[in-house]
Amino acid sequence: MKRGSCITGLILAIAVAIPPFSFAVQLDSAQIKARSLAFQHLQEKAEATGKPVSVIVRIDDRGAFRPGRVTDAGKLKTAQEAVLAGLGDKVSNIKRYESFPFLAYSVDREGLAQMSGNMGILSAREDRQVKLMISESVPWVGAPEAWAAGYTGDGQLIAIVDTGVDRAHPFLDGKVVFEACFSTERLPDIESLCPNGETYQIGSGAAEPCPSLCSHGTHVAGIAAGNDGANFGVAPNAGIIAIQVFSKKNTDCTGTAPCIVAFDSDTIKALDLVYKLKTIQDNPISAVNLSLGGGEFNGYCDTWDAFYSDAIVWLKEVDVATVVAAGNEGYKNSLAHPACISDAISVGSVCDTFDVDECPQGVDSVAEHSNIASFVSLVAPGARITSSVPGGGYQEKVGTSMAAPHVAGAWALMKQRNPLASVDDVLRDLRDNAWIVDDTRSGGTVSGLKSLDLYFLVWPPSLVDNRIVIKLEEPSANSSVTGIGNIRGWAIGPEGIEYTQYYVDGVLKKQVPYGGTRKDVGREYPGFPGSASSGFAQSYAFSGLTEGMHTVKIRAVSKTGKYKDTSSSFYSTRFHKGYFGDPDAVDISSSSVSQDGTGILLDNIRVEGM
């Protein structure tokens with residue numbers, strides 16, 4: 001490759017590949033504007049109510065948090081305390097996060113003004129409250145056949161973030177391995193539901209459900225992983241991490257008071273705990289189940305709520321899926337939040353029986369209550385589902401809340417099958433092998449919905465080998481590329497890799513040279529033959545592509561002829577020409593450096609004087 005091309009490729013790599021670590025973060029103009037508008041909204045809320053406002057903030061953690069790694073807890077705490085010290089008695093109801101660079105608290109108008117001037121607070125938003133999503137499924141999704149093939153969720157954990165779990169229920173006896181509670185108290189309107197009467201509890205009994213109002217979490221847990229020896233959830237041998245995040249609301253309920261609500265700060269604190277349990281203690285957590293939310297979004301909502309979006313992405317980077325109920329308003333092309341976040345595994349509801357109210361069109365139809373959108377990840381049974389409730393009994397419930405734990409349980413089966421599978425790997429397998437359902441409700445428009453179907457786990461072995469691990473490092477997902485760049489990464493398998501090949505927009509191009517030195521991979525996967533020489537790399541003229549989104553797929557083929565695919569979609573931009581032969585063609589002497597969500601950016605680069 002010519003030297004000029006290498007310079008161009010290097011600049012692009014800097015622009016798209018560096019993760020957004022927090023080292024004295026400098027906000028760009030768009031982020032500063034969004035921050036200013038957020039504080040304006042919070043001030044208006046405080047002035048209108050005359051009361052403190054409850055907020056969640058992201059702070060500059062000075063490098064304490066690095067996605068995919070164990071958080072430097074001491075450094076994070078120091079950064080948090082520095083922010084709180086500057087606010088003094090202007091804040092109350094403080095919630096500290098142990099992994100994520102967040103804080104939550106109630107703050108008065110004077111404190112909001114101080115926060116606005118403190119650039120160590122990168123972003124802030126109101127701490128919103130959401131409701132539960134409530135409105136003979138396990139055999140219908142093929143789970144018994146998966147169990148017969150040996151996939152029961154053994155060795156896997158599912159985190160149920162909900163109203164708590166009755167660990168003494170016969171259907172869940174011995175399954176709850178960890179408990180926590182995060183709840184809010186703002187008397188007299190809001191009361192904590194933690195059993196110890198505080199807003200925070202860790203340990204045995206912490207997720208005990210409250211009387212009368214809190215049956216939902218036990219029902220969800222039973223669907224995902226119940227097992228009394230005669231009746232079974234989807235992953236009957238999986239363990240449960242039970243995290244209670246709801247609070248009792250004594251006034252202003254939709255319907256009869258009191259009611260229960262979950263504050264975002266408590267739910268995100270639960271995700272923060274799951275990240276800690278995964279990264280510090282290496283617990284085999286396959287999925288988090290969130291059967292809660294609200295709102296209506298007809299597209300991805302990542303920018304609407306960066307706090308949830310970041311938390312879900314950070315869990316994904318340590319191979320934990322966040323499975324979220326789509327919502328029960330019956331929307332035909334919208335999802336609730338946080339199901340609308342692009343990296344969430346959103347789940348709508350379908351029928352496994354006939355019911356005149358919920359399933360008038362019978363089996364394999366979309367349930368009347370279910371939100372559906374073209375971007376929903378999967379659908380699963382959620383109409384008239386019987387499962388455990390506190391006190392030892394069973395009850396029928398309806399809603400996407402019931403659909404989501406079918407998928408969370410399936411995730412445990414898939415991770416038992418291949419513990420090295422990424423979130424994207426599992427989702428691709430479930431979608432590729434799903435039953436196809438169309439939304440034929442009145443006003444329904446979405447077709448080709450992917451309905452959970454685990455029968456493929458007992459099909460005769462195919463040439464696909466999910467034990468193969470592939471990492472496509474360039475081009476990275478959603479990056480911008482131009483000129484001549486690289487298709488680069490590594491691949492390993494228990495039987496060794498014979499070759500790798502690449503496809504662009506579904507068209508096979510050729511084999512990618514394989515066998516490059518990767519000592520880092522060798523250290524991480526010493527049991528895989530040839531792992532220290534597992535790199536592949538190929539230069540590619542991206543300038544030959546039309547401007548817009550494209551996809552590169554890599555296929556790694558083992559020495560026994562089996563294979564596995566991975567892919568990455570990217571945006572191709574066009575320079576005025578695709579190749580620069582002069583090593584001095586690229587001039588960065590007048591460039592400015594900034595940072596956004598994709599990494600560090602160099603602006604105002606001059607290329608051949610342009």
Side-chain angles (χ1 to χ4, degrees), residues 128-135 159-173 175-176 179-226 228 231 233 240-267 270 289-294 325 327-328 358 369 382-405:
R128 295 182 290 263
Q129 53 187 280
V130 298
K131 64 184 187 302
L132 289 167
M133 290 181 173
I134 303 175
S135 227
I160 305 295
V161 178
D162 212 289
T163 64
V165 175
D166 180 5
R167 63 184 299 148
H169 196 291
F171 202 39
L172 300 167
D173 185 36
K175 299 190 71 65
V176 178
E179 294 181 70
C181 176
F182 305 110
S183 193
T184 293
E185 184 149 300
R186 300 173 196 155
L187 297 174
D189 298 329
I190 305 293
E191 293 181 42
S192 170
L193 289 176
C194 292
N196 65 357
E198 304 295 327
T199 59
Y200 173 90
Q201 186 176 347
I202 298 287
S204 181
E208 179 182 347
C210 73
S212 71
L213 294 173
C214 299
S215 65
H216 190 268
T218 302
H219 196 275
V220 166
I223 295 169
D228 64 4
N231 303 290
I240 293 170
I241 295 172
I243 309 178
Q244 199 294 121
V245 295
F246 278 77
S247 304
K248 183 179 178 182
K249 191 176 184 184
N250 293 314
T251 60
D252 195 25
C253 292
T254 301
T256 305
C259 56
I260 56 173
V261 295
F263 287 87
D264 287 346
S265 58
D266 293 319
T267 305
N289 189 93
L290 296 180
S291 290
L292 45 77
N328 300 329
E358 290 296 332
H369 65 264
R384 309 297 182 197
I385 306 299
T386 300
S387 184
S388 44
V389 292
Y394 293 83
Q395 192 176 99
E396 187 180 83
K397 292 183 184 290
V398 171
T400 56
S401 281
M402 286 60 255

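Throughout, numbering of the chain's residues begins at 1 and tracks the sequence. Please read these numbers as outputs of a predicted model, since none were measured by experiment.
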Can you check whether [Y]'s main-chain N or O pairs, donor with acceptor, with [X]'s side chain at less than 3.5 Å?
| X | Y | value |
| --- | --- | --- |
| D166 | G391 | yes |
| S247 | S183 | no |
| T163 | G217 | yes |
| D266 | F246 | no |
| N250 | P188 | yes |
| K397 | H219 | no |
| E179 | G205 | yes |
| Q201 | N196 | yes |

Taking every non-hydrogen atom, the tightest pair across [X] and [Y]:
| X | Y | value |
| --- | --- | --- |
| P390 | P209 | CG-CG, 3.9 Å |
| S388 | L172 | OG-CD1, 4.0 Å |
| V130 | G294 | CG1-N, 4.5 Å |
| I202 | A180 | CD1-CB, 3.4 Å |
| A206 | C181 | O-CB, 3.2 Å |
| T267 | A262 | OG1-CB, 4.0 Å |

Enter the distance from [X]:[atom1] to [Y]:[atom2] here, rounded to the nearest 0.5 Å.
| X | Y | atom1 | atom2 | answer |
| --- | --- | --- | --- | --- |
| I243 | N289 | CD1 | CG | 11.5 Å |
| E358 | N328 | CD | CG | 8.5 Å |
| L193 | T199 | CG | OG1 | 12.0 Å |
| Q129 | I190 | CD | CD1 | 5.5 Å |
| M402 | R384 | CE | CZ | 12.0 Å |
| T218 | E208 | OG1 | CD | 10.0 Å |

Test log, rule side chain to side chain donor-acceptor pair (under 3.5 Å), inputs D162 and S291 = CA-CA 7 Å; D162 212 289; S291 290; 4.6 Å; no
Which word best sums up how the rings of F182 and Y200 line up, parallel for under 30°, tilted for 30 to 60°, or perpendicular for over 60°?
->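 Rings of F182 and Y200: tilted, 30 to 60°.
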Decide yes or no for D173 and D228: does some side-chain heavy atom of the first lie under 4.5 Å from some side-chain heavy atom of the second?
->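 No, their side chains stay 4.5 Å or more apart.
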Before giving the answer on ring-ring contact (aromatic ring centres under 6.0 Å, His included), spell out for H169 and Y394 the whole-Å C-alpha distance, their side-chain angles and the decisive distance to 0.1 Å.
-> CA-CA 10 Å; H169 196 291; Y394 293 83; 5.1 Å; yes
Test side-chain contact (heavy atoms from CB on, under 4.5 Å) applied to R167 and S204, step by step | CA-CA 9 Å; R167 63 184 299 148; S204 181; 3.5 Å; yes
